[in-house]
Every structure is written in C-alpha cells, then in structure tokens.
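Input: a single structure, listed below in structure tokens.
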Number of protein chains: 2
Amino acid sequence: MPKDAQKSDTRIQKKNQSAILAAGLVVFSQFGFRGSTLDQVAEEAGMSKPNLLYYFRSKDAIYTALLAKLLENWLEPLRKIDPDGDPVAELLGYAKRKLAMSQNFPRESRLFANEIIQGAPRIGDVLRGELRELVDEIAVIIDGWAVSGRINAVDPRHLIFSIWAQTQHYADFDVQVRAILGDVDPFEGAEQHLEAMLHGLLTP
Amino acid sequence: MPKDAQKSDTRIQKKNQSAILAAGLVVFSQFGFRGSTLDQVAEEAGMSKPNLLYYFRSKDAIYTALLAKLLENWLEPLRKIDPDGDPVAELLGYAKRKLAMSQNFPRESRLFANEIIQGAPRIGDVLRGELRELVDEIAVIIDGWAVSGRINAVDPRHLIFSIWAQTQHYADFDVQVRAILGDVDPFEGAEQHLEAMLHGLLTP
DNA sequence: TAAATTTTTGACCAACTGGTCAAAGGCAGG
DNA sequence: CCTGCCTTTGACCAGTTGGTCAAAAATTTA
C-alpha cells in the first residue's frame with residue numbers, strides 16, 4: 001500500500017517510515033543530498049534498498065519529507081516571541097531556545113545548513129515567503145521596543161541573523177568548536193556569552 | 001610532466017592549474033566534495049576530463065589543494081591582532097576583515113563550511129593543531145586586556161566564535177539573508193551591527 | 001624544418017548510482 | 001488450517017562515476 005502512504009498507517013509502516021527518516025537525517029546531514037547514497041541510508045536504517053523504496057517513492061522524497069518536518073520546528077521558536085513581554089527577556093529566551101536546539105538537534109541544524117549553503121534549491125520559496133513574513137513581523141515588534149526606548153536602537157533583522165549565526169554555529173561547526181575547546185563543554189560558555197552580548201547590545 | 005607538477009611550471013601549466021582550482025572552488029563550494037563530479041569541474045574549467053586529470057592526480061588532489069590554499073588566508077587575519085593596540089579597535093578590525101572576506105570570497109567560506117559540517121575529515125588535524133594554538137595565543141592576549149580592565153571580562157574563545165559565526169553567516173547563508181533583506185545590501189547593516197555588538201560587549 | 005617534448009582528447013573500463021520488478025516470505029482474519 | 005494482503009528481497013538495469021591509456025595535436029627545442 002505505501003509508496004509515500006497517505007492515510008491509515010499501520011504500526012509497522014510508522015515504524016519503518018520513522019526509521020528511514022531517522023537514517024536519512026544521519027546521512028543527509030553529514031554528506032548533503034547529492035553526497036549521500038540510498039545504500040547508505042538503507043544500511044543506516046537497517047533494511048534493504050528496495051524495501052526503503054517501498055516506503056518512499058525516491059531519494060528525493062525522503063530528503064523533502066525530512067526538510068518539511070524540519071522547517072516546522074525551525075520556525076516555531078520565532079513565533080513564541082511575545083510583544084508584550086520584557087524585550088530583553090524575550091530575545092534572550094529566543095536565543096536560548098535556539099541554542100538548545102543546536103545542542104539537542106545538531107543534525108537537523110546541519111541538514112538545514114547544507115541545504116542553505118547549496119543555494120536552498122528546495123526551500124528557497126519558503127525562505128522568501130513564510131520565513132520572510134515571519135521575520136518582518138518580529139522586526140516590527142523589535143522596532144516598537146526600540147521606539148519606546150525599552151531597548152537600544154538596533155537593526156532587527158541583523159539582530160536576528162546574529163542570534164541565528166551564533167547559536168547554529170555550535171551545531172554546524174561542532175568539530176571546530178570542540179577542536180579549540182578541548183574537553184570543555186561548549187554550551188555552558190556559549191549561553192553565558194550570548195547573554196552578555198545581548199545585554200550589552202540591548203540595554204540602554 | 002605534470003600530475004601535480006612540483007617545480008618549473010610552464011606558462012600553460014600555471015594557467016590550467018589555476019583554471020582548474022578556480023573551477024573546483026565554484027563546484028565544490030556549492031555541492032561539497034562527494035556531491036561534486038569531475039565532469040562538472042572539467043566543464044566549469046573549460047577542458048576535458050582527461051586533460052583535467054593530466055594536471056591533478058585525482059578529484060581528491062584538487063579538493064585538497066584548494067583546502068590547503070584556503071587555510072593560509074583563513075588563519076592570517078587572526079595573526080594580525082596586535083597585543084599592543086587598542087583592544088576594541090583590534091577586535092573590531094579583525095571582525096571587519098573577516099566580514100570583508102565573506103563579502104569578497106563567499107565561495108571560499110562555503111567550501112570551508114562544507115568541510116567542517118561534514119566533520120572536517122581532511123583538516124581535523126589542522127583544527128586541533130595549528131588553529132587551536134593560534135586561538136590559544138589570541139585568548140591570552142584578550143584575557144590580558146580584560147585583566148588590565150581595558151575591556152569587560154569575556155570568554156575569549158566564545159568571543160572569537162561569535163565573530164566567526166556572525167561574519168561567515170553572511171557568506172554561508174547568503175541565500176537566506178537575501179531572502180529576508182530583499183534588495184537591501186547585507187554588508188552595510190552587518191558591519192554596523194557587528195560594531196554595536198562588540199562595543200556593547202567590550203566597553204566597560 | 002625536423003625532432004623531441006608537452007598538451008589534449010576519444011574511447012574505454014570497472015565500480016557505483018537511483019530505481020524496477022517479479023517472486024518469495026509473513027501475518028491477519030475466517 | 002488456508003486465503004489474501006502486506007512486507008521484504010535478490011536479481012537486474014541503464015545511466016553516471018572516477019580514472020586510464022594510447023594516440024593525436026600542439027608547442028618547444030635544436
């Protein structure tokens with residue numbers, strides 16, 4: 001019945017589909033779409049290649065499904081910013097949520113990074129549509145905070161970029177970070193640094 | 001004579017070798033090592049695949065040569081930080097130099113990012129060796145500045161990470177940045193933001 | 001100019017790629 | 001038990017991959 005089954009997934013279908021997606025995440029996040037092979041994904045998922053293709057129409061279908069699922073979680077934290085909350089607390093909370101995602105879901109972060117670096121061929125529309133609108137809304141909120149003097153004047157979009165950059169850096173460049181820090185846990189220092197930086201930038 | 005010619009490169013050899021490296025940069029920086037093909041590189045370089053392999057022993061040799069050349073330029077700006085200069089000016093200068101590299105050599109930045117995301121299989125040693133030592137030296141300098149009260153106390157390594165993250169973000173995530181900013185030039189706002197952030201963080 | 005050397009290429013190869021398919025193996029309900 | 005559907009797989013395929021090689025073309029040297 002499957003081939004990208006749409007409704008009434010049986011227990012075994014659900015199990016295999018999520019096993020494939022989990023395996024796809026591991027492989028695609030390390031080698032990118034073109035650098036990954038179905039054999040790799042199949043082996044990581046513990047099943048034969050034809051069986052894998054029984055559940056997903058094609059290599060592309062796995063990758064696309066993965067990206068779609070990822071994008072939800074990716075945009076969600078931004079929506080949680082509350083215009084009526086304390087500005088610094090809201091932005092710091094957002095930064096910490098993003099940092100936690102880098103810590104707990106580094107592969108998702110790297111999958112996303114791979115896709116963007118390669119020119120975002122499959123999610124360019126989402127970036128120019130949904131993401132842009134969402135960022136525009138948050139930008140209005142931040143501008144409002146600045147106008148009312150509750151935070152310093154900042155370019156809201158570049159502020160958001162710098163939060164993205166700094167938090168995702170710890171997932172995407174994990175190897176480099178650990179090469180430099182040695183045995184020290186990256187995320188403790190990262191959180192403190194992020195806090196200091198946002199305070200210094202935002203508080204008048 | 002070639003196959004990774006070592007000495008006495010003729011005019012035509014130099015021309016072709018640099019054409020190949022330039023083409024390799026374009027292709028590898030977009031698709032990563034495993035996602036790129038020799039045919040792509042050959043076409044981008046405007047020559048046949050066998051001819052390309054007359055100048056470089058293998059696909060790996062092109063990629064490795066590219067990475068080696070890149071690493072020099074990558075580490076250099078860090079070395080220019082002057083312990084006897086004004087702390088904020090030195091760090092801001094470094095950040096601006098890195099930002100200029102993202103603006104002028106985005107492909108180099110993406111090539112590097114690709115390599116790191118994939119676990120740095122060929123430059124892990126450099127990261128844990130040369131890079132780590134260099135960062136350690138700079139960390140001592142920054143710590144010295146903090147101890148003498150010329151800047152606020154910060155974790156030097158995370159400060160460096162945040163400069164790397166923010167500057168490289170504009171090259172590596174170029175598509176996303178432009179999707180959000182539209183027609184606005186990313187680099188003007190980026191420089192201002194970077195300046196404000198470093199001032200807020202460092203000045204007592 | 002002719003010989004020697006360097007550069008370029010078409011034809012080719014074995015390994016691997018994403019994907020197909022018919023048939024076999026499991027598992028539920030009757 | 002058996003029937004019918006869901007699941008799994010071995011064998012296979014055409015296209016692509018990194019790489020080779022002998023011979024042709026171009027360039028340098030004598």
Quick check on contacts: within residues 25-38 of chain A, what sits under 4.0 Å from DNA chain C by heavy-atom distance?
A/Ser36, A/Thr37, A/Leu38
If you draw the axis of the six-membered ring of B/Trp74, does the NZ or CZ of B/Lys69 fall within 45° of it and under 6.0 Å from the ring centre?
no
Going by the angle between their ring planes, with limits at 30° and 60°, are A/Tyr63 and A/Phe28 parallel, tilted or perpendicular?
perpendicular
Please determine whether a side-chain nitrogen of the Lys or Arg among B/Arg157 and B/Glu137 lies less than 4.0 Å from a carboxylate oxygen of the Asp or Glu.
no
Listed nucleotide nearest any side-chain atom of B/Gln13, set D/dT9, C/dT6, D/dT7:
C/dT6
Note down the inter-axis angle between the two ends of the helix from C/dT1-D/dA30 to C/dG30-D/dC1, five pairs each, to the nearest 10°.
10°
Of the options D/dT7, D/dG19, C/dG19, whose atoms approach the side-chain atoms of A/Asn51 most closely?
D/dT7
State plainly whether the residues A/Lys49 and A/Glu43 are in salt-bridge range, i.e. N to O under 4.0 Å.
no
Is the ring centre of B/His193 less than 6.0 Å from the ring centre of B/Phe187?
no
Does the ring of A/Phe33 carry A/Lys59 above it, NZ/CZ under 6.0 angstrom from centre and within 45° of its axis?
yes
Output the rounded distance in Å from CE (B/Met47) to C1' (C/dG10).
17 Å
In this structure, how many angstroms lie between the C1' atom of D/dG18 and the CD atom of B/Gln40, rounded?
13 Å
Under the side-chain hydrogen bond (donor to acceptor under 3.5 Å, both in side chains) test, which residues partner A/Asp155, sequence neighbours left out?
none
Between B/Lys80 and B/Glu90, does any side-chain N to carboxylate O distance fall below 4.0 Å?
no
State which of C/dG10, C/dT20, C/dT7 makes the closest approach to the side chain of B/Asn16.
C/dT7
Spacing between A/Tyr55 atom OH and C/dG18 atom P, to the nearest angstrom:
20 Å
Could you state the atom-to-atom distance from NZ of A/Lys49 to C1' of D/dG10 in whole Å?
12 Å
Rounded to whole angstroms, how far apart are CD1 on B/Ile20 and C1' on C/dT7?
12 Å
Between C/dT9 (P) and B/Asp39 (CG): distance, integer Å:
14 Å
Please determine whether any donor N or O and acceptor N or O are separated by less than 3.5 Å between the side chain of A/Lys59 and the base of C/dG19.
no
Considering only D/dT8, C/dG19, C/dT8, which nucleotide approaches the side chain of A/Tyr54 most closely?
D/dT8
Figure out the CD/P separation between B/Glu43 and D/dG18, and round it to whole Å.
14 Å
Expressed as a whole number of angstroms, how long is the span from B/Lys15:NZ to C/dT8:C1'?
12 Å
Any donor-acceptor N/O pair, B/Ser29 side chain to B/Glu108 backbone, under 3.5 Å
no
